[in-house]
Chemist: 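Submitted below is the structure of interest, expressed as structure tokens.
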Amino acid sequence: MDFFKEMEDRIPKGKVRTRFAPSPTGYMHVGNLRTALYTWLIARRNGGTFILRIEDTDQGRLVEGAVDVIYKTMAECGLDHDEGPDVGGPVGPYVQSQRRELFGKYARLLVEKGGAYYCFCQKDEEEAEHDEEIGKQVKKHVCACRDLPLSEALARAEAGEPCVIRQRIPHEGTTTFHDASFGDITVENKELEDQVLLKSDGLPTYNFANVVDDHLMGITHVVRGSEYLSSAPKYNLLYQSFGWEVPTYVHCSPVMRDAQHKMSKRHGDPSYEDLIREGYLTEAVLNYVALLGWSPKGEMADREFFTLQELAEVFDISGISKSPAIFDIAKLRWMNAEYMKKLSPEAFYAKAEPVLRTCIHDPSIDLRKVAALVQSRCEILSDLPARVDFIDRLPEYDPALYVHKKSKTTLENSLDSLQAALPVLQKLDNWTNEGLYEVLVALAGEKGVKNSVILWPLRVAVSGKESTPGGATELCALLGKQESLARIEAGIALLSGK
RNA sequence: GGCCCGUUGGUCAAAAGGUUAAGACACCGCCCUUUCACGGCGGUAAUAUGGGUUCGAUUCCCGUACGGGUCACCA
């Protein structure tokens with residue numbers, strides 16, 4: 001049978017099939033990640049198939065190694081695909097540049113069906129116009145090629161005359177596009193342009209490749225950014241001309257940096273990779289991103305924590321929001337902190353150890369103990385160095401740290417406390433958190449002062465910091481007797497003006 | 001500028017004609033405490049705006065404002 005029939009026969013039927021179709025730019029936007037996630041969730045929720053397709057039809061924008069970034073990110077996030085360039089599948093190839101001939105054939109098929117026509121106009125003037133600020137009324141491309149007799153057009157094209165194939169859009173009437181979250185969108189056909197389907201280099205434009213591939217790959221649900229919403233009605237016409245069924249479209253509003261700007265790499269907004277590099281956990285990022293533009297329904301509406309599996313059980317298209325969402329790094333930090341706290345001590349140590357090793361060089365320090373102290377006090381991994389930097393070396397600090405209003409600790413009684421504590425500690429053999437605490441509380445009792453009058457100055461002396469990953473006794477235990485005593489002596493010297 | 005879309009506290013958002021308009025982050029306060037943090041408790045704060053429809057509008061309709069998207073042989 002003919003080529004087109006064969007292609008039709010390859011299309012799997014009757015199951016939900018979704019696809020993530022990034023163009024390889026070298027990194028994963030937060031918005032892209034969200035799209036990938038929603039797409040994957042729809043497939044998994046419905047026992048469907050998730051496909052990875054690479055859209056590399058723009059020859060000018062190829063980035064070395066970009067596809068690997070995509071594989072790596074998807075794998076890291078647990079968004080496994082069932083079909084794709086690396087794993088194959090029944091409707092491949094899954095890289096658009098490898099489907100070149102196919103698009104040509106479908107474009108010509110469409111010409112025959114009357115839904116498209118050859119256009120021999122040169123592109124220069126149009127392009128030049130686009131460079132100019134788009135502000136005034138933009139004129140649609142209108143030319144005589146549309147009315148060329150098919151035989152003549154075919155002959156010229158065959159003779160090698162440069163040309164593109166454009167979609168033939170009716171001048172009259174309206175087209176209604178249905179989106180699962182935006183509902184029906186109706187536009188006048190006269191607003192629509194005869195867009196280019198097949199470029200003069202023989203490769204398809206995004207809009208054409210999308211429609212053809214989604215159909216040929218049996219895609220049932222398309223999730224994509226709302227920037228494509230306004231070109232969507234043209235898709236209906238395309239599907240109609242081909243006689244194909246329109247899949248369910250779900251457009252998602254952008255992830256914003258602030259009320260008026262999308263997140264953008266160019267303006268320094270973090271990509272997924274950046275966030276991971278900064279010490280966010282993949283699970284936390286996914287969880288946060290899932291909730292940026294989607295929320296669970298009903299009695300689950302106030303739930304915030306979801307594993308990927310849990311999301312796959314409850315995710316529903318109807319929960320997707322229509323309005324743009326601002327990416328709030330403060331909330332991500334909070335969520336990340338929650339994930340860090342939930343980690344087992346071993347799991348946390350595994351993540352923290354490499355970071356701790358770069359900033360704590362004293363071999364006598366037990367990094368496991370440091371990790372245990374710091375686990376509940378850092379929101380992201382990269383907070384770690386600043387929290388533990390005092391361990392290697394006592395920083396210079398302002399004596400004003402010794403003043404504490406709440407416990408009425410002053411410079412004077414801080415000096416007194418340190419001087420009183422020093423001999424007690426020198427005699428102490430049981431140099432553990434418990435041992436230290438016992439002896440120091442006893443000292444406070446003897447002197448008839450609150451525990452904090454003793455412990456506060458001690459903590460300052462030993463850390464030189466305003467805030468630390470533990471109390472005075474914990475820090476002393478960690479640093480060891482010799483180092484602790486040396487720091488206390490230094491504190492006494494500082495306070496006594498020496 | 002044309003066309004399309006959106007608008008609940010600072011942020012994410014629930015509530016699909018009748019609610020004291022949830023919850024979370026952030027912020028503030030209190031408590032606990034070996035400072036801060038952690039934890040516990042509490043608080044401030046919202047339906048952009050004007051008209052309709054309705055016994056009743058956050059919810060439905062229209063206008064206005066503001067914001068976003070789009071108007072390429074880029075995706």
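No experiment lies behind these values; they were computed from the predicted model shown. Below, read A as the first sequence line, B as the second, and so on, with proteins coming before strands; counting in each chain starts at 1.
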Chemist: Just to be sure I understand the rule, does A/F327 reach a base, reach only the sugar-phosphate, or reach nothing, if contact means heavy atoms closer than 4.0 Å?
Modeler: nothing

Chemist: Ignoring hydrogens and geometry beyond distance, is a side-chain donor-acceptor pair present between A/D184 and A/T176 at under 3.5 Å?
Modeler: no

Chemist: Using atom C1' in both nucleotides, what's the gap between B/rG52 and B/rU20 to the nearest angstrom?
Modeler: 28 Å

Chemist: For a quick check of understanding: with a heavy-atom distance under 4.0 Å over all strands, which category does A/G293 fall into, base, sugar-phosphate or nothing?
Modeler: sugar-phosphate

Chemist: Tell which nucleotide pairs with B/rU64, taking only Watson-Crick or G-U wobble pairs whose two distances are both under 3.5 angstrom.
Modeler: B/rA48

Chemist: Using purine N1 to pyrimidine N3 plus N6-O4 or O6-N4 for Watson-Crick, or N1-O2 and O6-N3 for G-U wobble, both under 3.5 Å, which nucleotide pairs with B/rA75?
Modeler: none

Chemist: Remember a base hit wins even if backbone is also touched, and classify A/Y288 as base, sugar-phosphate or nothing at under 4.0 Å, heavy atoms.
Modeler: nothing

Chemist: In the 5'-to-3' direction, what one-character label does each nucleotide of nucleotides 41-47 of chain B receive under the scheme B = base within less than 4.0 Å of a protein heavy atom, S = sugar-phosphate only, - = no such atom?
Modeler: -------

Chemist: Do any N or O atoms of the protein come closer than 3.5 Å to N or O atoms of nucleotides 62-64 of chain B, and which pairs are they?
Modeler:
none

Chemist: Given B/rC38, B/rA14, B/rU35, identify the nucleotide with an atom nearest to the side chain of A/W456.
Modeler: B/rU35

Chemist: Mark yes or no for a side-chain to base donor-acceptor pair under 3.5 Å between A/T473 and B/rU34, with no hydrogen or angle criteria applied.
Modeler: yes

Chemist: Rounded to whole angstrom, note down the P distance from B/rA65 over to B/rU49.
Modeler: 15 Å

Chemist: In terms of side-chain heavy atoms of A/N433, which of B/rU34, B/rC73, B/rC4 is nearest?
Modeler: B/rU34

Chemist: So which nucleotide from B/rG6, B/rA75, B/rC3 ends up closest to the side chain of A/E191?
Modeler: B/rC3

Chemist: Closest to the A/P324 side chain: B/rG6, B/rC3, B/rC36?
Modeler: B/rG6

Chemist: Between B/rG6 and B/rU59, how many Å separate the two C1' atoms, rounded to a whole number?
Modeler: 16 Å

Chemist: Less than 4.0 angstrom between a side-chain N/O of A/K234 and OP1 or OP2 of B/rU70, yes or no?
Modeler: no

Chemist: Using a 3.5 Å cut-off and no angle test, enumerate the donor-acceptor pairs between side-chain atoms of residues 329-339 of chain A and protein atoms at least two apart in sequence or in another chain.
Modeler:
from   : atom 1 : to     : atom 2 : distance (Å)
A/K331 : NZ     : A/E304 : OE1    : 3.2
A/R333 : NE     : A/E379 : OE1    : 2.8
A/R333 : NH2    : A/E379 : OE1    : 3.4
A/R333 : NH2    : A/D383 : OD1    : 3.0
A/R333 : NH2    : A/D383 : OD2    : 2.8
A/N336 : OD1    : A/L281 : N      : 2.8
A/N336 : ND2    : A/E379 : O      : 2.6
A/E338 : OE2    : A/K341 : NZ     : 3.3
A/Y339 : OH     : A/N287 : OD1    : 2.5
A/Y339 : OH     : A/F306 : O      : 3.3

Chemist: A/K297 near the nucleic acid: base, sugar-phosphate alone, or nothing, with a heavy-atom cut-off under 4.0 Å?
Modeler: sugar-phosphate

Chemist: With rounding to whole Å, what would you report as the distance between B/rA72 and B/rU58 at their C1' atoms?
Modeler: 41 Å

Chemist: Suppose we call a contact any N or O donor and acceptor under 3.5 Å apart; does that hold for the side chain of A/R459 and the base of B/rU34?
Modeler: no

Chemist: Picking from B/rU34, B/rG69, B/rG67, which would you name as closest to the side chain of A/Q260?
Modeler: B/rG67

Chemist: Which one of A/F327, A/F305, A/Y280 satisfies the ring pair (Phe, Tyr, Trp, His ring centres under 6.0 Å) criterion with A/Y288?
Modeler: A/F327

Chemist: Closest nucleotide of RNA chain B for A/K262 versus for A/S231: which of these residues is on the 5' side?
Modeler: A/K262

Chemist: Using a strict cut-off of less than 4.0 Å between a Lys/Arg side-chain nitrogen and an Asp/Glu carboxylate oxygen, indicate whether A/K297 and A/D316 qualify as a salt bridge.
Modeler: no

Chemist: What residue among A/I454, A/I492, A/L494 forms side-chain contact (heavy atoms from CB on, under 4.5 Å) with A/L418?
Modeler: A/I492

Chemist: Can you confirm whether the side chains of A/T410 and A/N413 place a donor and an acceptor under 3.5 Å from each other?
Modeler: yes

Chemist: Could you give the distance separating B/rG9 and B/rG23 at their C1' atoms, to the nearest angstrom?
Modeler: 13 Å

Chemist: Between the base of B/rU33 and the side chain of A/S452, is there any donor-acceptor pair under 3.5 Å?
Modeler: no

Chemist: So if I take every side-chain heavy atom of A/D302 and compare against B/rG68, B/rC25, B/rG23, which nucleotide ends up nearest?
Modeler: B/rG23

Chemist: Quick check for you: among B/rA24, B/rA75, B/rC3, whose closest atom lies nearest to any side-chain atom of A/Y206?
Modeler: B/rA75

Chemist: On a plain distance test, is the side chain of A/K331 in donor-acceptor contact with the base of B/rA26 below 3.5 Å?
Modeler: no

Chemist: Assess A/R53 against A/Y94: is NZ or CZ under 6.0 Å from the centre of the six-membered ring, and within 45 degrees of the ring's axis?
Modeler: no

Chemist: Base, sugar-phosphate, or nothing for A/A325, non-hydrogen atoms under 4.0 angstrom?
Modeler: sugar-phosphate

Chemist: Paired with B/rC41 by Watson-Crick or G-U wobble geometry, both distances under 3.5 Å: which nucleotide is it?
Modeler: B/rG29

Chemist: Scan every strand shown for a Watson-Crick or G-U wobble partner of B/rU19, both distances under 3.5 Å, and answer none if you come up empty.
Modeler: none

Chemist: Rounded to the Å, how far apart are A/K322 NZ and B/rC5 P?
Modeler: 10 Å

Chemist: Classify the side chain of A/T468 and the base of B/rC36 as holding, or not holding, a donor-acceptor pair under 3.5 Å.
Modeler: no

Chemist: Could you measure between the two P atoms, the one in B/rA22 and the one in B/rU44, and give it in whole Å?
Modeler: 11 Å

Chemist: Is it the case that the side chains of A/N189 and A/T175 hold a donor-acceptor pair, with the cut-off being a distance below 3.5 Å and no angle test?
Modeler: yes

Chemist: Decide whether a cation-pi geometry holds between A/K265 and A/Y27; the criteria are a distance under 6.0 Å from NZ or CZ to the six-membered ring centre and an angle within 45° of the ring axis.
Modeler: yes

Chemist: Would you kindly compare A/G471 and A/C378 by the position of their nearest RNA chain B nucleotide and give the one closer to the 5′ end?
Modeler: A/G471

Chemist: Hey, does A/E55 reach any base, or is it just sugar-phosphate, or nothing, if we go heavy atoms under 4.0 Å?
Modeler: sugar-phosphate

Chemist: Test A/H251 against A/F177 for ring pair (Phe, Tyr, Trp, His ring centres under 6.0 Å), laying out the working first.
Modeler: CA-CA 12 Å; A/H251 286 88; A/F177 170 82; 5.7 Å; yes

Chemist: Using a strict threshold of under 4.0 Å (side-chain N to carboxylate O), is an ion pair present between A/D416 and A/K447?
Modeler: yes

Chemist: Have a look at A/V164 and say if it touches a base, only the backbone sugar-phosphate, or nothing, with a 4.0 Å heavy-atom cut-off.
Modeler: base

Chemist: How far, in whole Å, is B/rU8 from B/rA21 if one measures between their C1' atoms?
Modeler: 8 Å

Chemist: So which nucleotide does B/rU59 pair with, by the Watson-Crick or G-U wobble rule with both distances under 3.5 Å?
Modeler: none

Chemist: Return yes if a side-chain donor-acceptor contact under 3.5 Å exists between A/R459 and A/T468, otherwise no.
Modeler: yes

Chemist: Could you tell me how far B/rU33 sits from B/rG68 if I compare only their C1' atoms? Round to whole Å.
Modeler: 49 Å

Chemist: Using a cut-off of strictly less than 4.0 Å, decide whether A/S295 has a side-chain nitrogen or oxygen near OP1 or OP2 of B/rA14.
Modeler: yes

Chemist: So if I take every side-chain heavy atom of A/K341 and compare against B/rC38, B/rC25, B/rG6, which nucleotide ends up nearest?
Modeler: B/rC38

Chemist: When you compare the ring of A/F182 with the six-membered ring of B/rC5's base, are the centres less than 5.5 Å apart and the planes under 30° from each other?
Modeler: no

Chemist: Taking atom types as modelled, is there a side-chain donor on A/N210 or A/E55 under 3.5 Å from an acceptor on the other?
Modeler: yes

Chemist: If you check every side-chain atom of A/E227, which of B/rG68, B/rA75, B/rU34 has the closest atom?
Modeler: B/rA75

Chemist: B/rC36 pairs with which nucleotide, Watson-Crick or G-U wobble, both distances below 3.5 Å?
Modeler: none

Chemist: Any carboxylate oxygen within less than 4.0 angstrom of a Lys/Arg side-chain nitrogen, looking at A/D194 and A/R168?
Modeler: no

Chemist: Tell me which nucleotide among B/rA75, B/rA14, B/rC12 gets nearest to the side chain of A/A301.
Modeler: B/rA14

